Participant: 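First, the structure itself, so that you have it in front of you.
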Amino acid sequence: MEAGEFTCQRNKYMCGIVGVVGNKHATDILMQGLEKLEYRGYDSAGIFVANGVNTGRLVKSVGRIADLHAKIGIDVSGSAGIGHTRWATHGQATEENAHPHRSETERFILVHNGVIENYLQIKEEFLPGHHLKGQTDTEIAVHLIGKFVEEDKDDVLEAFKKALHIIEGSYAFALMDAQNPDTIYVAKNKSPLLIGLGDGYNMVCSDAMAMIRETSEFMEIHDKELVVLTKDAAKVTDYDGTPIQRDSYTAELDLSDIGKGTYPYYMLKEIDEQPTVMRKLISIYADSDNKMVIDPAIVKSVQEADRIYILAAGTSYNAGFASKSMIEQLTDTPVELGVASEWGYNMPLLSKKPMFILLSQSGETADSRQVLVKANAMGIPSLTVTNVPGSTLSREATYTMLLHAGPEIAVASTKAYTAQVAALAFLSKAVGEANGKKEALTFDLVRELSLVAQSIEATLSKKDSIAEKVEKLLSTTRNAFYIGRGNDYYVAMEASLKLKEISYIQCEGFAAGELKHGTISLIEEGTPVLALISDNKVVSAHTRGNVQEVAARGANVLIVAEENAAKDGDDIVVNQVHPYLSSISMVIPTQLIAYYASLQRGLDVDKPRNLAKAVTVE
């Protein structure tokens, strides 16, 4: 095997694991669980179902879950099984590489998320003469376990523990023994995994959404913990066998929340949910007297910081920029942004009293976790702002603020981005008030965020018009530019990311004034340039000057403007909101632009190529 030819996780994508023991409808439970995990991205899938000792069936398929469904006959039935979705960008997407994988004698069956960093050493040291069917590190892991049982005569649990002590890297494992199909062996390190507790049966899954039809009761598994799962019990230990007591929790999910309903795509549903999310945040983080309801310990920790460092990736990184000016003006504390994947290994010189805020929709972003591990070791207080309670970043940070946005299933994040900006607004106002800052004391966030919700609704009512403008501007183009100044520039960064990730249009977000410092050479006849102009008279005038510059060179220009800054001929006019919150309302039309550009090109809006919902390894 050459480097890079492992499972999808090596290439930074988040695959899915499901498992069940003790339910005669195991096949149905596994398949519906895999369907719920489709949003994570995958190119192949498979299940193993046991219907007795040494009588299980393994079925794998390249393509969608529907392709796997087509291969499953009535003979694939039983009361226990495991399943997996895999997405690879290196190495072949083949049935041989799809999970589950079997040991040399096919007694043991394994599914795995993560990356085994020392897989080559394991192969060379422990597995000479073993016959590997694919090119994955997972297959090496299951061969290793099989060797310890069948060649070294260890019992299954001891063999699993021995393998876990040898394996280095990130992983979530679910292991079955064909000779004892009433037990699933589970372990994790850095990759998310949960136990679902049913009535007379139990489950394992990467995400509560996968098993919410079966149960709302789940139990977390922490790093380097092992679970022996049967229909009656979930026994948790560390790798040395020391028992660990762990309470379950109730997942606040509803089946109606994770279905598309009448929507053709999750992304459109989630765009439409944003007014509701804004109002939900008001109900959570403000009381009936419009006073902030933020954990006093969080407020105090931010107050004591001499600099706030926001660490994030992708859309969350853009949300940090969109919030930077607001946080600084309301708290009087400088804010610095960091790309988590860079800071994990190249952390710059910090201030004397830093405070880290980690933005992550999933709470499982591996790059951000690498930063958090270092922050914890350095004694730096940290706050995770995430949509997923009980996620790794939430558990390991000093504090957590939840987004309360409901499940976000489309790969392209929309409501999590706007919820992050809104949540940081509540935090900033609470800290500013505690500091006696006039701007915070006079800023009526509840009223202003209510107006933002109304502005979003007004923009959503213009979908048909936006779709028409997108078709004229972007239906055939290969390249495009977003431009803006100040907060509009930060929105342009997110807008360009949204457009490129789902429509595959090469799009860049630029500070409008920077175009003439080199990039304007790329503007030619027909190049689409989308300009964002919110209400700042001096800045908006400068941006309009930049619009004239690109128009004079043949660009096709689309202008999104706030109503107080709008002029006749502007293409999309957004309701006026407070400048602190304009990043929320101004991003909405750009989300719709990306949606319709993808739709009109005949692409899968929810599952763009080569991408998945979360990145769980570095």
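All values reported here derive from a predicted model rather than from experimental measurement. In what follows, every heavy atom counts, from backbone to side chain, and hydrogens, waters and symmetry copies are set aside.
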Participant: Does Y249 reach the side chain of F218, with side-chain heavy atoms less than 4.5 Å apart?
Facilitator: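 Contact flag for Y249/F218 side chains = yes.
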Participant: Check whether any side-chain heavy atom of I29 lies under 4.5 Å from a side-chain heavy atom of M211, and answer yes or no.
Facilitator: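 With C-beta onward as the side chain, the pair touches.
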Participant: Would you say N23's side chain and H25's backbone share a donor-acceptor pair under 3.5 angstrom?
Facilitator: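 Judged by distance alone, yes, a pair lies under 3.5 Å.
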Participant: For S248 and E217, test the side chains for any donor-to-acceptor distance below 3.5 angstrom and give the result as yes or no.
Facilitator: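 A donor-acceptor contact under 3.5 Å links the two side chains.
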Participant: Verify the distance criterion only: is there a donor paired with an acceptor across the side chains of E35 and H69 at less than 3.5 Å?
Facilitator: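 Result is yes, a qualifying pair exists.
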Participant: Any side-chain donor-acceptor pair under 3.5 Å between T400 and S394?
Facilitator: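 S394 and T400 do have a side-chain donor-acceptor pair below 3.5 Å.
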Participant: Hey, does the side chain of R395 reach the backbone of G390 with a donor-acceptor pair shorter than 3.5 angstrom?
Facilitator: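 A pair under 3.5 Å: yes.
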Participant: Can you see whether S598 engages S503 through a side-chain donor-acceptor pair at a distance of less than 3.5 angstrom?
Facilitator: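 Side chains of S598 and S503: no pair found under 3.5 Å.
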Participant: Show the nearest heavy-atom pair for residues F160 and I145, with the distance to one decimal.
Facilitator: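 Smallest interatomic distance, heavy atoms only, reads CD1-CD1, 3.7 Å.
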Participant: Can you tell me how far NE2 of H130 sits from OG1 of T105, rounded to the nearest 0.5 angstrom?
Facilitator: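 Rounded to the nearest 0.5 Å, the OG1-NE2 separation comes to 9.0 Å.
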Participant: Flag the pair K231 and D182 as a salt bridge only when some basic side-chain nitrogen lies within less than 4.0 angstrom of an acidic carboxylate oxygen.
Facilitator: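 Salt bridge absent between K231 and D182.
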Participant: Is there side-chain contact between V142 and E104, with heavy atoms separated by less than 4.5 Å?
Facilitator: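 A side-chain contact under 4.5 Å is absent here.
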Participant: So, the side chain of T384 versus the backbone of L393: is there a donor-acceptor pair under 3.5 Å, distance only?
Facilitator: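 Confirmed, T384 side chain pairs with L393 backbone.
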Participant: Taking R213 first and then D28, would you say they form a salt bridge - that is, a charged N and a carboxylate O separated by under 4.0 Å?
Facilitator: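 So R213 pairs with D28 through a salt bridge.
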Participant: I need the minimum non-hydrogen distance between A45 and T85, along with the two atoms involved.
Facilitator: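 Looking at all heavy atoms of both residues, the shortest contact is CB-CG2, 4.1 Å.
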Participant: So K60 and H101, side-chain contact (heavy atoms from CB on, under 4.5 Å) or not? Walk me through it.
Facilitator: CA-CA 10 Å; K60 302 196 283 188; H101 286 287; 4.2 Å; yes
Participant: Run the numbers on E225 and R246 for salt bridge (charged side-chain N to carboxylate O under 4.0 Å, His left out), then give the verdict.
Facilitator: CA-CA 11 Å; E225 291 182 348; R246 179 74 41 73; 2.7 Å; yes
Participant: Apply salt bridge (charged side-chain N to carboxylate O under 4.0 Å, His left out) to the pair K188 and D223, showing each step before the final yes or no.
Facilitator: CA-CA 6 Å; K188 75 171 287 289; D223 285 352; 2.5 Å; yes
Participant: Under 3.5 Å, is there a donor-acceptor pair linking the side chains of Q591 and Q274?
Facilitator: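 Yes, because at least one side-chain N or O of Q591 sits under 3.5 Å from a partner of the opposite role on Q274.
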Participant: To the nearest 0.5 Å, tell me how far L194 CG sits from S206 OG.
Facilitator: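 Atom-to-atom, L194:CG and S206:OG are 8.0 Å apart.
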Participant: Is a side-chain N or O of D207 found less than 3.5 angstrom from the main chain of G16, in a donor-acceptor match?
Facilitator: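 Between the backbone of G16 and the side chain of D207 there is no qualifying donor-acceptor contact (under 3.5 Å).
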Participant: Do T315 and K498 pair up side chain to side chain, a donor and an acceptor below 3.5 Å, judged on atom types alone?
Facilitator: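 Indeed, the side chains of T315 and K498 share at least one donor-acceptor pair under 3.5 Å.
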Participant: Between E364 (side chain only) and T392 (backbone N and O only), is there a donor and an acceptor less than 3.5 Å apart?
Facilitator: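 Yes: the side chain of E364 pairs with the backbone of T392.
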Participant: Do the two ring centres, one from Y171 and one from H112, sit under 6.0 Å apart?
Facilitator: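 No, the ring centres sit 6.0 Å or more apart.
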Participant: What distance do E408 atom CD and Y266 atom OH have between them, rounded to the nearest 0.5 Å?
Facilitator: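 Rounded to the nearest 0.5 Å, the CD-OH separation comes out at 12.5 Å.
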Participant: Cation over ring, R102 on F108, under 6.0 Å and within 45°?
Facilitator: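 Cation-pi check for R102 and F108: fails.
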Participant: Show the nearest heavy-atom pair for residues V371 and A340, with the distance to one decimal.
Facilitator: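 Distance-wise, the nearest heavy atoms are CG2-O, 3.4 Å.
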Participant: Which heavy atom of R107 sits nearest a heavy atom of V149, and at what distance?
Facilitator: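 Looking at all heavy atoms of both residues, the closest pair is NH1-CG1, 3.6 Å.
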Participant: Can Y201 and D232 be counted as having a side-chain donor-acceptor contact under 3.5 angstrom?
Facilitator: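 Looking only at side-chain atoms, D232 and Y201 do not form any donor-acceptor pair under 3.5 Å.
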Participant: Counting heavy atoms not belonging to K71, are there more than 12 under 6.0 Å from its NZ?
Facilitator: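 It does: K71 NZ has more than 12 such atoms within range.
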Participant: Are I166 and I122 side-chain neighbours, meaning at least one heavy-atom pair lies under 4.5 Å?
Facilitator: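 Touching, per the 4.5 Å side-chain cut-off.
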Participant: Decide whether S77 and T27 meet the rule of one side-chain donor and one side-chain acceptor closer than 3.5 Å.
Facilitator: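 No - no donor-acceptor pair under 3.5 Å links their side chains.
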Participant: Please find the pair of heavy atoms, one from G19 and one from L30, that lie closest to each other, and give the distance.
Facilitator: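 Heavy-atom minimum between the residues: CA-CD2, 3.7 Å.
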Participant: Once rounded to the nearest 0.5 Å, what's the spacing between atom CD1 of I502 and atom CZ of R601?
Facilitator: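 Rounded to the nearest 0.5 Å, the CD1-CZ separation comes out at 11.0 Å.
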Participant: With the threshold set at 4.0 Å, does a side-chain nitrogen-carboxylate oxygen contact exist between D238 and K224?
Facilitator: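 K224 and D238: not salt-bridged.
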Participant: Once side-chain contact (heavy atoms from CB on, under 4.5 Å) is applied, do any residues pair with D67, and if so which ones, sequence neighbours excluded?
Facilitator: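 With sequence neighbours excluded, D67 shows a side-chain contact (heavy atoms from CB on, under 4.5 Å) to S61, R64, given in chain and number order.
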Participant: Using the rule side-chain hydrogen bond (donor to acceptor under 3.5 Å, both in side chains), only one of S391, S360, S341 pairs with T365; which is it?
Facilitator: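 Result for side-chain hydrogen bond (donor to acceptor under 3.5 Å, both in side chains) with T365: S360.
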Participant: Can you tell me how far CG of L144 sits from CG of L164, rounded to the nearest 0.5 angstrom?
Facilitator: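 Rounded to the nearest 0.5 Å, the CG-CG separation comes to 9.5 Å.
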Participant: Please assess T398 against S382 for the test side chain to side chain donor-acceptor pair (under 3.5 Å), listing each intermediate value before the final yes or no.
Facilitator: CA-CA 5 Å; T398 315; S382 56; 3.3 Å; yes
Participant: Hey, mind stepping through T237 and K161 against side chain to side chain donor-acceptor pair (under 3.5 Å) and telling me if it holds?
Facilitator: CA-CA 10 Å; T237 69; K161 290 178 185 177; 5.3 Å; no
Participant: Going by distance alone, is a donor N or O of one side chain under 3.5 Å from an acceptor N or O of the other, for Q361 and S316?
Facilitator: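 Judged by distance alone, the side chains do not pair up.
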Participant: Should Y263 and D272 be marked as a side chain to side chain donor-acceptor pair (under 3.5 Å) after you check the CA-CA gap, both sets of side-chain angles, and the distance that decides it?
Facilitator: CA-CA 10 Å; Y263 285 89; D272 278 1; 2.7 Å; yes
Participant: Charged N to carboxylate O under 4.0 angstrom, K147 versus E150?
Facilitator: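 Answer for the salt bridge query: no.
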Participant: Look at the side chain of E168 and the backbone N and O of E117, then say whether any donor-acceptor pair between them is shorter than 3.5 Å.
Facilitator: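 No; judged by distance alone, with no hydrogens or angles, the pair does not exist.
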Participant: CG/L58 to CD1/I82 distance, rounded to the nearest 0.5 angstrom?
Facilitator: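 If we round to the nearest 0.5 Å, L58:CG and I82:CD1 are 8.5 Å apart.
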Participant: Measuring only between side-chain heavy atoms, which start at C-beta, is L372 closer than 4.5 Å to N376?
Facilitator: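 With C-beta onward as the side chain, the pair touches.
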Participant: Would one find more than 12 heavy atoms of other residues, nucleotides or ligands at under 6.0 Å from atom CG of D199?
Facilitator: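 12 or below, so no.
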Participant: Could you tell me whether K162 and D154 make a salt bridge, using a distance below 4.0 angstrom between a side-chain N and a carboxylate O?
Facilitator: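 Yes, K162 and D154 are salt-bridged.
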Participant: Will you find, in the side chains of N387 and H404, an N or O donor that is under 3.5 Å from an N or O acceptor?
Facilitator: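 Per modelled atom types, N387 and H404 side chains form no pair under 3.5 Å.
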Participant: Answer whether the closest heavy-atom distance between the side chains of L603 and P608 falls below 4.5 Å.
Facilitator: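 A side-chain contact is absent here, since even the closest heavy-atom pair is not under 4.5 Å.
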Participant: Got a donor-acceptor contact below 3.5 angstrom from the T250 side chain to the S216 backbone?
Facilitator: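 Checking the backbone N and O of S216 against the side chain of T250, no donor-acceptor pair under 3.5 Å is found.
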Participant: Which pair of non-hydrogen atoms, one from A80 and one from M176, has the smallest distance, and what is that distance?
Facilitator: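 So the minimum-distance heavy-atom pair works out to CB-CE, 4.0 Å.
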Participant: Could E273 and K269 be called an ion pair, given the rule that one side-chain N must be under 4.0 Å from one carboxylate O?
Facilitator: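 The answer is yes: the pair qualifies as a salt bridge.
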Participant: Would you say that I109 contacts L175 through its side chain, given a criterion of any heavy-atom pair below 4.5 Å between the two side chains?
Facilitator: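 Not touching, per the 4.5 Å side-chain cut-off.
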Participant: Under a 4.5 Å cut-off applied to non-hydrogen side-chain atoms, are I195 and I221 in contact?
Facilitator: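 The answer is yes; the side chains approach within 4.5 Å.
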Participant: Using the salt bridge (charged side-chain N to carboxylate O under 4.0 Å, His left out) rule, take K260 and E270 through it: C-alpha gap first, then chi angles, then the decisive distance, then the call.
Facilitator: CA-CA 9 Å; K260 291 197 294 281; E270 289 157 11; over 6 Å; no
Participant: Looking at E158 and K153, does any basic side-chain N land under 4.0 Å from a carboxylate oxygen?
Facilitator: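 Looking at E158 and K153, the cut-off is not met.
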